[in-house]
Amino acid sequence: MTDPAIPADEAERLVSGAHGDPFAWLGPHKAGRRTLVRALLPGAEACDLIHEGKAHPLPALHPGGLFGAQVPAKAAADYRLRWRFEGREWEAEDPYRFGPVLGPLDEHLIGEGRHLRLWERLGAHPMTHEGAAGVHFAVWAPGAARASVAGPFTMWDGRRLPMRARGRSGVWEIFVPGIGPGEPYRFEFRTADGRVTPQKADPVGFGAEHPPKTASVVRDLGGFDWGDGEWMEARAARNAADAPVSIYEVHLGSWRRRLDEGGRPLSYDELARDLVPYAADMGFTHLEFMPVNEHPFDGSWGYQPVGLYAPTSRHGDLAGFRRLVDAAHRAGLGVLLDWVPGHFPEDPHGLAFFNGGPLYEHADKREGFHPDWNTLIYDFGRIEVSNFLLANALYWLHEHHVDGLRVDAVASMLYRDYSRKAGEWIPNRFGGRENLEAVAFLQAVNEAVRAEAPAAMTVAEESTAWPGVSKPVSEGGLGFGFKWNMGWMNDTLRYMARDPVHRRHHHNEMTFGSAYAFSERFVLPLSHDEVVHGKGALWDKMPGGPAEKFANLRALYGFMWGHPGKKLLFMGGEFAQRTEWRQAGELDWGLIDRPRHAGVRALVRDLNRLYREEPALHAQDCAPEGFSWIEADDAAKSLFAFARFAPGGEAAIVISNMTPVERRVTLGAPAPGPWRERVNTDSALYGGAGAGNLGAVEARPEPWRGWPATMEVTAPGLSTIILTR
């Protein structure tokens, strides 16, 4: 039986889950002085409309679960539905009696790809709407013939809650009363040719079930009581090019584990309790978290995300992540996130073929597939996709008070032929290999961060010679605040891995970096990438027996902290972890009580302290005026000496002897008088032999190779010393 007011084919489409405009037929519709109410309840045996305690029967209009009848207009203004299903009685509000939440301006901005606060309109938002508490769901899925939300509240049946289409924007929305935070959900789409997609996690979901479960989870973005006001006011100065920036890179899942509880990772709250004070005590200025976005595969370390807006549930919920950031800020630590806009995995619950076809990705795999990682590439030329990603960058900075983003694998975004053979890529419109759409996207992100969150920093992991990565967009650059110095890292580690007897033949590997040290604003990275995939730990890269390995590593750290550029060290490096990093375990914390490992840890702590205290070592990290070689050519001795300067004349001298032979050397100095030995990596305090200069060196007022003063310095074997006036 079908209501004469609804054609049979429309009723059939509703009950079969094929209807793209359910609000045209469901809920209340005026019929003269009365109102016609229809309800879609697949599988229900009977249905009543309840108003002010009175039941108004809604007869079945279709055996598939469509009910409806005319009721007094007053009853249709504020009613509930009561129905029988499998012998039980249920009662709830009718989602189809509520009007839309999104407005024309939202449709316009989303359609134009200019909605900078996209997360405030899309996703799942607990709210009170038209007097009822519930959750508003909105998702972008242009081209879908039907979109619906599913969860326990629909018994995961995608036919039960089809959504309202919002014009030509591609957005679908629905307000579902009676549910709230903590509710799992997914979206389901029907294509024009009748296919139904796998149920999808929310691209703008703020929470997720713990993998291997795949649903999104409703989380409330409001109501968090931040306690980091002092930090937020000062963070612009702490992220600046003239600030000391020393970053401790951390994989949250393997820093420590609860071995007494089956080896589980720490929660966000446990990390706030343990990691934050540890990093602060070690003197680091910033924490950098490897991706915290929700991801299905542990072994991807977060670099194959499906939930860019959701802190991973492996450590807790959204509020727990905010407590971690808040704790870091109150301890004086900035928080940077690894951010992955370059690719995403093909997992069926993710963004791949989101609405039944290519949407976030390119249709042609020559443009849209990474052979290295078996992942898909975002279509940066589609304005809604670039808007989705750009808004995500701002989301972390605004909603979670994150202090910056380190953008992963930028080179893979910049070049269309990245890791591809001839014939496996499509040139740009000018016939070149540059990905012009990705370039424009990266510039837009950096410009948006600069405008919307000017105190935050952006950092590029970019491994090629692309010019102007950290140059302003207005000057033709990409606009990043800093760039990882991969050349310095590769050359330095290659040099340090050599037996000292051969280093004289590779002296330029340590000096070449100065030729381009100020072409970008650089971070010197000893990151997770250098201690995985068979590369061994930093300690293990060093030549010689155990004592020599420790000495080389200490000398490397002294050279790095003295060299121009901000600093980044992956967890475990601070106490000379001996084994390669394992994401399924934890660091070898038993080492920290062994004297030589404790010595390396003490050295890193002291280097961080000195780096922060001495403007000469940080204020001109990114300016050529802050650096000058004193001795760059003594390859025979494998000796390096340079001066660092702060505006106003403060200076420091860094001397590295990369052979095991102690040497007495004559060097120039920026000024005569006493120079204090602030750090000596051969100190017994750090596990060394204790050779040195008894704490100070006197510089004579005698010129030396253009320097106004001369000093005689003892350079212990395999060591770096740092002197200040």
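We use all heavy atoms of the structure for the numbers below, so side chains are in, but hydrogens, waters and symmetry mates are not. The structure presented is a predicted model; accordingly, all values stated were derived computationally and were not measured.
- Identified under the side-chain hydrogen bond (donor to acceptor under 3.5 Å, both in side chains) test for residues 471-482, with sequence neighbours left out: none.
- To the nearest 0.5 Å, the span separating CD on Glu399 from CG on Asn392 amounts to 11.5 Å.
- Aromatic rings of Phe206 and Tyr395 (six-membered ring for Trp) have centroids within the 6.0 Å cut-off, being under it.
- Taking a cutoff of 4.0 Å between a charged side-chain nitrogen and a carboxylate oxygen, Lys535 and Asp529 do not qualify as a salt bridge.
- Ring pair Phe518/Phe522: centre-to-centre distance not below 6.0 Å.
- Taking the six-membered ring for Trp, His528 and Tyr303 have ring centres closer than 6.0 Å.
- With a 6.0 Å radius and a threshold of 12 heavy atoms from other residues, nucleotides or ligands, Glu230 has its CD atom at or below the threshold.
- Between Asp621 and Arg644 there is a salt bridge, since at least one side-chain N of the basic residue sits less than 4.0 Å from a carboxylate O of the acidic one.
- For Phe321 and Trp396, the gap between ring centers is short of 6.0 Å.
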Open item on the list: salt bridge (charged side-chain N to carboxylate O under 4.0 Å, His left out), that's the test. Do Arg494 and Glu530 meet it? Break it down for me.
Closed with: CA-CA 11 Å; Arg494 188 181 304 115; Glu530 312 321 313; over 6 Å; no
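- Atom CZ of Phe512 has 12 or fewer heavy atoms from other residues, nucleotides or ligands within 6.0 Å.
- Counted within 6.0 Å of CZ on Arg330, heavy atoms from surrounding residues, nucleotides or ligands total more than 12; the atom is thus considered enclosed.
- Partners of His295 according to the ring-ring contact (aromatic ring centres under 6.0 Å, His included) rule, which considers only residues two or more places apart in sequence or in another chain, do not exist here.
- Results of the salt bridge (Lys or Arg N to Asp or Glu O under 4.0 Å) test with Arg416 over Glu434, Glu437, Glu424 single out Glu437 as the only residue that passes.
- A tilted orientation is assigned to the rings of Phe627 and His563, their planes being inclined by 30° to 60°.
- Aromatic pair His343/Tyr378: centroids not less than 6.0 angstrom apart.
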Could you pull out every donor-acceptor pair under 3.5 Å between side chains of residues 478-486 and any protein atom, sequence neighbours left out?
unit_1	atom_1	unit_2	atom_2	d
Lys483	NZ	Glu462	OE1	3.0
Lys483	NZ	Thr464	O	3.0
Asn485	OD1	Trp488	N	2.9

